[in-house]
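A short worksheet on the structure shown next.
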Amino acid sequence: MPDRPPRMCARCRNTFTGPRCPCRKPWEGSQRSGKSTRAYRRYRDRYLEEHPLCEWPGCPVLAQVADHVENIASGGGMFGPLRSLCHDHHHEVTQEQARRGRRPRGPEPEP
């Protein structure tokens, strides 16, 4: 059973019940092109060479991923600040960002 009544899409004029009409892609409106550039790969590889250990506090493992401090989907730049993370901590950070992205957006509740 749908949680809300169907709405009409302004683009295709079909009704839908989910968070967005199927005619719109989830990444629509993003500034990211979706492609890694050669310049970015050099930037990432250089960062991992300079910071070979996971930068998570207390983690002594070799880093495998150069993670954006502010993810691109929320407004961070492709050449923004990076941090070296091991696979486990990168997965943890990515899952938290995904949870935040699924939360309803609205005014913050006052304490």
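Relative orientation of the Tyr40 and Phe79 rings is perpendicular, given thresholds of 30° and 60° on the angle between their planes.
Residues satisfying the side chain to side chain donor-acceptor pair (under 3.5 Å) criterion with Tyr43, sequence neighbours excluded, are absent altogether. Not a single side chain to side chain donor-acceptor pair (under 3.5 Å) links Arg13 to another residue, sequence neighbours left out. Residues satisfying the salt bridge (charged side-chain N to carboxylate O under 4.0 Å, His left out) test with Arg38, not counting sequence neighbours, are none. For Arg44, there are no side chain to side chain donor-acceptor pair (under 3.5 Å) partners, not counting sequence neighbours. When the ring pair (Phe, Tyr, Trp, His ring centres under 6.0 Å) test is applied to His51, the partners found at least two apart in sequence or on another chain are Tyr47. Every residue was checked against the salt bridge (charged side-chain N to carboxylate O under 4.0 Å, His left out) condition with Glu50, not counting sequence neighbours, and none meets it.
Interatomic distance, Arg20 CZ to Arg7 CZ, rounded to the nearest 0.5 Å: 10.5 Å. The distance from the OG1 atom of Thr94 to the CG atom of Asp67 is 6.0 Å, given to the nearest 0.5 Å.
Contact check for Trp56 versus Val93: side-chain heavy atoms found under the 4.5 Å cut-off. Taking 4.5 Å as the limit, some side-chain heavy atom of Cys86 sits within range of a side-chain heavy atom of Cys59. The shortest distance between side-chain heavy atoms of Phe16 and Cys9 falls below 4.5 Å. Contact of the Leu53 side chain with the Val61 side chain is not registered, since no non-hydrogen atoms from C-beta on lie closer than 4.5 Å. Within the 4.5 Å cutoff, no side-chain heavy atoms of Asn14 are placed close to those of Met8.
A salt bridge is defined here as a Lys NZ or Arg NE, NH1 or NH2 lying under 4.0 Å from an Asp or Glu carboxylate O, and Arg46 with Glu49 fails to meet this definition.
Side-chain atoms of Arg83 never come within 3.5 Å of backbone atoms of Cys54 as a donor-acceptor pair (strictly under, hydrogens ignored). Checking side-chain atoms of His68 against main-chain N and O of Gly76 turns up no donor-acceptor pair under 3.5 Å.
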